[in-house]
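Note that the structure is predicted; figures quoted are calculated from it, not measured. Counting convention: from 1, in listed order, for ligands and their atoms alike.
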Amino acid sequence: MTLMISTSSASGPAISLKNVRRSYDAVTAVDDVSLEIAAGSFVALVGLSGSGKSTMLKMINRLVEPTAGEVLIADEDVRAIDPHVLRRRIGYVFQNIGLFPHMTISRNIAIGLELAGEKEGRSERVAELLELVELPQDMAVRMPHQLSGGQQQRVGVARALATRPGLMLMDEPFGALDPVTRDSLAGQYKALHEKLGLTTIIVTHDMAEALYLADRILVMEAGQIKADATPTELLSGGVGDEAEALVAIPRAQAAHLIALGQTHAEQET
Ligand code: ADP
Ligand code: MG
């Protein structure tokens with residue numbers, strides 16, 4: 001069965017953060033961040049645990065309200081947008097996706113449409129979304145526990161895309177998966193991002209994943225952006241100690257693997 005995939009419906013918005021701050025009592029989770037994200041970008045937020053990545057992401061979809069400053073999506077202040085409307089315009093994917101255990105995959109995917117009162121064409125949309133995330137159609141009638149972790153995370157992506165958002169916020173979306181599944185899902189998501197013309201912001205603590213996926217990497221530390229660079233710029237160095245410390249890890253791993261390969265080759269000859 002070939003389904004028509006609508007590629008023109010979603011087109012990612014630009015995002016703008018102006019002097020955004022968020023405090024929790026004595027802790028400043030995000031400390032006066034100003035940032036312009038161009039429409040259609042794939043941005044990775046990288047940094048150690050506790051650096052403020054999740055807080056920054058959640059201020060964009062209003063799961064967290066800023067203590068100060070403002071967040072604009074396509075030049076519109078998010079505070080002026082009804083939260084229900086906002087949630088439909090923004091897809092949100094997080095680690096351990098939390099599918100509803102007693103609902104079929106189909107209903108899990110369509111829950112956003114159901115909540116929005118959209119009755120027409122729901123099953124067609126589910127079929128289209130399953131195809132988009134490369135899951136077989138017969139998964140629709142299964143229950144979440146009958147799927148692998150990787151398959152469940154695909155359902156999470158499908159659910160986030162159901163309302164045709166232009167913006168996707170992803171918080172460690174592939175963090176709980178084995179490396180092979182993680183790599184293939186990340187690669188497939190990148191292709192989806194391009195095909196649908198989305199704006200994507202992904203939080204990851206894995207610099208290798210950020211370098212592979214994003215066209216712009218923001219390195220956070222203690223609530224501030226310490227580096228803002230393309231993968232190529234990050235790899236060529238000179239963008240600050242925080243970024244260098246994170247890039248050093250995949251670089252050292254790659255060097256180690258190459259050295260192992262050479263030793264192995266020498267032993268063979
Ligand atoms: P990251 O996603 O980079 O690990 P977070 O944004 O979750 O960082 O957290 C940044 C800082 O804010 C941490 O010090 C964390 O303990 C604190 N924090 C986050 N959420 C809350 C909360 N709901 N209540 C109190 N402190 C919080
Ligand atoms: Mg986090």
How close does the nearest protein non-hydrogen atom get to [atom], and which residue and atom is it?
atom	value
atom 7 (O) of ligand 1	Ser54 CB, 3.9 Å
atom 3 (O) of ligand 1	Lys53 NZ, 2.8 Å
atom 12 (O) of ligand 1	Ala29 CB, 3.3 Å
atom 15 (C) of ligand 1	Val27 CG1, 4.9 Å
atom 8 (O) of ligand 1	Gly52 N, 3.2 Å
atom 24 (N) of ligand 1	Tyr24 CD2, 3.4 Å
atom 1 (P) of ligand 1	Gly50 N, 3.5 Å
atom 5 (P) of ligand 1	Thr55 OG1, 3.7 Å

Result of checking Ile81, Thr163, Leu167, Val78 against Arg89 for side chain to side chain contact (heavy atoms under 4.5 Å, CB included):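 That would be Ile81; it is the only one of Ile81, Thr163, Leu167, Val78 passing the side chain to side chain contact (heavy atoms under 4.5 Å, CB included) with Arg89.
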
Atom pair CG/CZ of Leu147 and Arg154 - distance to nearest 0.5 Å: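 Result: 10.5 Å between the selected atoms.
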
Do NZ/NE/NH1/NH2 and the carboxylate oxygens of Arg125 and Glu118 come within less than 4.0 Å?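 Salt bridge absent between Arg125 and Glu118.
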
Test: Glu244 and Arg251 ion pair at under 4.0 Å: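 Counted as a salt bridge, because a side-chain N and a carboxylate O are separated by less than 4.0 Å.
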
Do Leu211 and Phe174 belong to the same hydrophobic cluster, where Ile, Leu, Val, Met, Phe, Trp and Tyr are linked whenever their side-chain heavy atoms lie under 4.5 Å apart, directly or via other members?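 Unlinked, Leu211 and Phe174 end up in two clusters.
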
Is Ile111 reachable from Phe94 through a run of I, L, V, M, F, W or Y residues, each pair having side-chain heavy atoms under 4.5 Å apart?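 No, because Phe94 and Ile111 fall into different hydrophobic clusters, even though each may have its own neighbours under 4.5 Å.
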
Got a sec: is Ser54 within less than 2.8 Å of the Mg ion (ligand 2) via an N/O/S atom?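 Yes, within the cut-off.
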
Kindly state if atom 21 (C) of ligand 1 has a protein heavy atom within a strict 4.0 Å cut-off, that is, under 4.0 Å?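 Looking at atom 21 (C) of ligand 1, one finds that a protein heavy atom does lie closer than 4.0 Å.
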
Counting N and O atoms only, with roles assigned by atom type, does the side chain of Asp215 sit under 3.5 Å from a partner on the main chain of Phe42, one being a donor and the other an acceptor?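 Side chain of Asp215 to backbone of Phe42: a pair is present.
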
Is a side-chain N or O of Asn108 found less than 3.5 angstrom from the main chain of Phe100, in a donor-acceptor match?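 At least one qualifying donor-acceptor pair exists.
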
Would you mind telling me if ligand 1 is within reach of the side chain of Leu48, the backbone, both or neither, using heavy atoms under 4.0 Å?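 The answer is the backbone of Leu48.
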
